[in-house]
Number of protein chains: 2
Amino acid sequence: MPSNIMQQISADLESLNRSERKVAEVILADPQAATRSSIAVLARAAQVSEPTVNRFCKRFNTAGFPDFKLHLAQALAHGVPYVSRSVEPDDDSESYTNKIIDATIAALVTTKKTVDPQMINLAVDQLIQAKQIMFFGLGASWPVAQDAQHKFFRFNIPVVAYDDVLMQRMTAAASSTGDVIVIISYTGRTRELVDVAELARASGATVVGITAPNSPLAQHCSIVVEVDAPEDTDVYMPMTSRIMHLTVIDILATGVTLRRGPDFLKHLKNIKDSLKETRYPAK
Amino acid sequence: MPSNIMQQISADLESLNRSERKVAEVILADPQAATRSSIAVLARAAQVSEPTVNRFCKRFNTAGFPDFKLHLAQALAHGVPYVSRSVEPDDDSESYTNKIIDATIAALVTTKKTVDPQMINLAVDQLIQAKQIMFFGLGASWPVAQDAQHKFFRFNIPVVAYDDVLMQRMTAAASSTGDVIVIISYTGRTRELVDVAELARASGATVVGITAPNSPLAQHCSIVVEVDAPEDTDVYMPMTSRIMHLTVIDILATGVTLRRGPDFLKHLKNIKDSLKETRYPAK
DNA sequence: AATGGTTTGTAAAAAACTTACTAATTAAAA
DNA sequence: TTTTAATTAGTAAGTTTTTTACAAACCATT
């Protein structure tokens with residue numbers, strides 16, 4: 001079963017023969033309409049016979065036309081485009097706005113497939129009983145580390161976050177059993193962070209990596225929450241990776257909260273309420 | 001046309017008569033299977049006649065059974081649950097992992113609908129010609145402000161980010177025409193930030209708000225990129241809002257990059273390449 | 001130009017869906 | 001409790017849609 005039938009169609013466009021390509025083009029031109037058409041209408045639009053449309057459907061591993069429409073409808077759902085195409089120089093603001101949001105959604109869908117709940121569980125096991133937690137990140141991952149600190153300080157565990165490589169090294173070297181160091185890195189190839197991971201493990205600390213699978217960093221961690229890094233082909237800034245990492249932080253924080261049990265929820269509410277004073281009341 | 005047919009079905013369950021409820025229950029029990037069944041199979045499963053299933057479909061504003069299946073398929077697409085239910089105390093790691101990712105996706109879909117590309121455009125207009133840019137955020141929004149700084153420093157414009165209220169006040173007061181201050185706030189009700197916005201505008205700076213529509217902060221900004229803040233009903237801290245804000249930052253950064261034109265991409269590539277030294281090469 | 005393979009369409013069959021009508025059930029009133 | 005009206009459910013026939021089988025046309029190759 002193809003994960004996204006629209007991608008398949010555009011990818012296989014060249015390998016199709018004349019009539020089937022006509023069908024493909026009609027569908028690609030207005031996929032929404034295709035989901036609402038009968039095989040007869042579609043065949044007429046593509047100027048081919050009905051069986052041709054049927055054969056076309058089967059070529060894409062669907063049971064037949066109705067099943068094909070179902071797949072198509074799924075691919076189009078949510079208004080998420082079949083290929084989150086990259087931003088192009090002459091896009092207007094509406095166009096690039098939508099493309100970026102779509103790309104982010106696509107990244108999250110990928111994350112959902114790749115993140116291993118088992119690893120989340122192991123990471124939570126460690127975090128819940130940590131004497132102290134440290135979040136390390138550099139560059140674009142530094143705000144992520146800070147965000148994590150902002151979340152975890154609520155758990156009444158000592159939490160720090162460092163973006164300073166020297167501080168990271170020193171803390172890693174000074175750490176001991178019971179300390180948990182969470183290292184966030186998009187590529188998992190930053191030398192400094194790999195060193196820090198090694199140092200920390202040598203000192204007995206548990207090292208949790210939120211990073212790319214099979215990367216050098218991943219190999220030096222006690223627990224790895226794998227976040228697959230799609231090539232950022234586009235404009236040269238990391239975009240979606242931070243968001244995937246932040247989502248992992250959310251998941252870990254939730255995991256810890258749940259383990260803490262219902263009494264702990266009251267504590268969180270108190271923290272939240274403490275901000276009331278600083279705000280204009282809602283109308 | 002119902003926005004989400006699964007929600008509709010569970011909501012209207014009580015108002016259905018006996019046979020139709022049987023149909024509803026069969027569908028609710030395994031919606032995926034329903035999309036693959038013919039009307040005959042479904043009728044048999046629900047122990048009712050085929051026309052009953054057909055009537056059931058029409059009750060939900062669909063043209064008939066095939067159309068109903070289409071709607072169903074859309075609602076089930078991406079594996080995003082029909083109601084992104086909130087995390088519950090006895091969820092296991094797989095369950096809460098998926099729920100959180102789904103909620104994040106849902107938030108982005110909302111963002112896509114609410115963000116006004118026109119406002120993005122106006123904000124980019126200002127950013128592109130800024131003498132200086134300042135990003136302000138407090139609490140959970142502070143990492144977002146930092147992330148923004150990390151993106152915008154690449155544009156060769158002086159950029160700062162402050163989470164210190166006093167620094168924010170002073171900078172706002174000292175600002176002048178040509179300066180752009182971007183204030184990030186989830187609620188738009190933080191007194192300090194509203195004050196800062198007022199101060200900055202009095203000094204002649206342009207104030208861009210990334211915040212809730214119609215909030216006190218929004219009223220004091222020159223340009224508002226509205227990010228609707230869904231009630232975070234849960235006790236579990238603000239989650240999705242940061243991600244929505246970060247996505248807006250991505251969009252703004254992309255907008256600026258596009259305006260800078262193709263030559264500028266080379267400059268961005270240089271910045272990226274400058275990191276090569278610090279990394280282990282990809283295998 | 002002939003041949004083999006592929007592609008495409010025609011027509012018939014099968015499946016699926018819808019409609020109109022009737023029977024059964026239920027609820028309310030006498 | 002019986003009658004009546006209204007609702008609900010099913011039967012059967014009709015219609016549409018989809019699929020299959022087969023034959024014609026096309027294309028590339030020799």
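To find a chain, count down the sequence lines: A is the first, B the second, and so on, and within it residues start at 1. Keep in mind that the numbers below use all heavy atoms, side chains included, and drop hydrogens, waters and symmetry copies. Quantities reported herein were computed from a predicted structural model and do not represent experimental measurements.
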Distance, rounded to the nearest Å, where [X] contributes [atom1] and [N] contributes [atom2]:
X        : N       : atom1 : atom2 : result
Phe56(A) : dT8(C)  : CZ    : P     : 13 Å
Ile39(B) : dC17(C) : CD1   : C1'   : 6 Å
Glu20(B) : dT8(D)  : CD    : C1'   : 9 Å
Arg21(A) : dT8(C)  : CZ    : P     : 11 Å
Asn54(A) : dT17(D) : CG    : C1'   : 11 Å
Phe65(A) : dT16(D) : CZ    : C1'   : 13 Å
Asp67(A) : dT18(D) : CG    : C1'   : 13 Å
Arg44(A) : dT8(C)  : CZ    : P     : 20 Å

* salt_bridge(Arg242(A), Asp250(B)) N-O dist < 4.0 Å ->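 Looking at Arg242(A) and Asp250(B), the cut-off is met.
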
* Asked: Within the structure shown, what part of the strands sits under 4.0 Å from Arg55(A) by heavy-atom distance: base, sugar-phosphate, or nothing?
  ->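 The residue Arg55(A) makes base contact.
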
* Does Ser49(A) or Glu50(B) map to a spot on DNA chain C nearer the 5' end, using the closest nucleotide for each? ->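 Of the two residues, Ser49(A) wins.
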
Distance test, side-chain N/O of [X] to OP1/OP2 of [N], below 4.0 Å:
X        : N       : value
Arg18(B) : dT26(C) : yes
Lys58(A) : dT20(D) : yes
Thr52(B) : dG10(D) : yes
Ser19(B) : dA9(D)  : yes

* Reported CG-to-OG1 distance for the pair Asp102(B) and Thr97(B), which is rounded to 0.5 angstrom ->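 Rounded to the nearest 0.5 Å, the CG-OG1 separation comes to 10.5 Å.
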
Kindly point out which of [options] is positioned nearest to the side chain of [X]?
X        : options                   : answer
Pro51(A) : dT18(C), dT10(C), dT11(D) : dT10(C)
Pro66(A) : dT11(D), dT19(D), dG9(C)  : dT19(D)
Asn17(A) : dT20(D), dT19(D), dT7(C)  : dT7(C)

* Is the closest side-chain heavy-atom distance between Leu42(B) and Phe65(B) below 4.5 Å? ->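 Touching, per the 4.5 Å side-chain cut-off.
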
* Derivation and outcome, side-chain contact (heavy atoms from CB on, under 4.5 Å), residues Arg55(A) and Val23(A) -> CA-CA 10 Å; Arg55(A) 280 189 286 262; Val23(A) 178; over 6 Å; no

* Check side chain to side chain contact (heavy atoms under 4.5 Å, CB included) between Leu122(B) and all other residues, then give those that pass, not counting sequence neighbours. =>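 For Leu122(B) the side chain to side chain contact (heavy atoms under 4.5 Å, CB included) partners, ignoring immediate neighbours, are Met119(B), Asp125(B), Ile223(B).
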
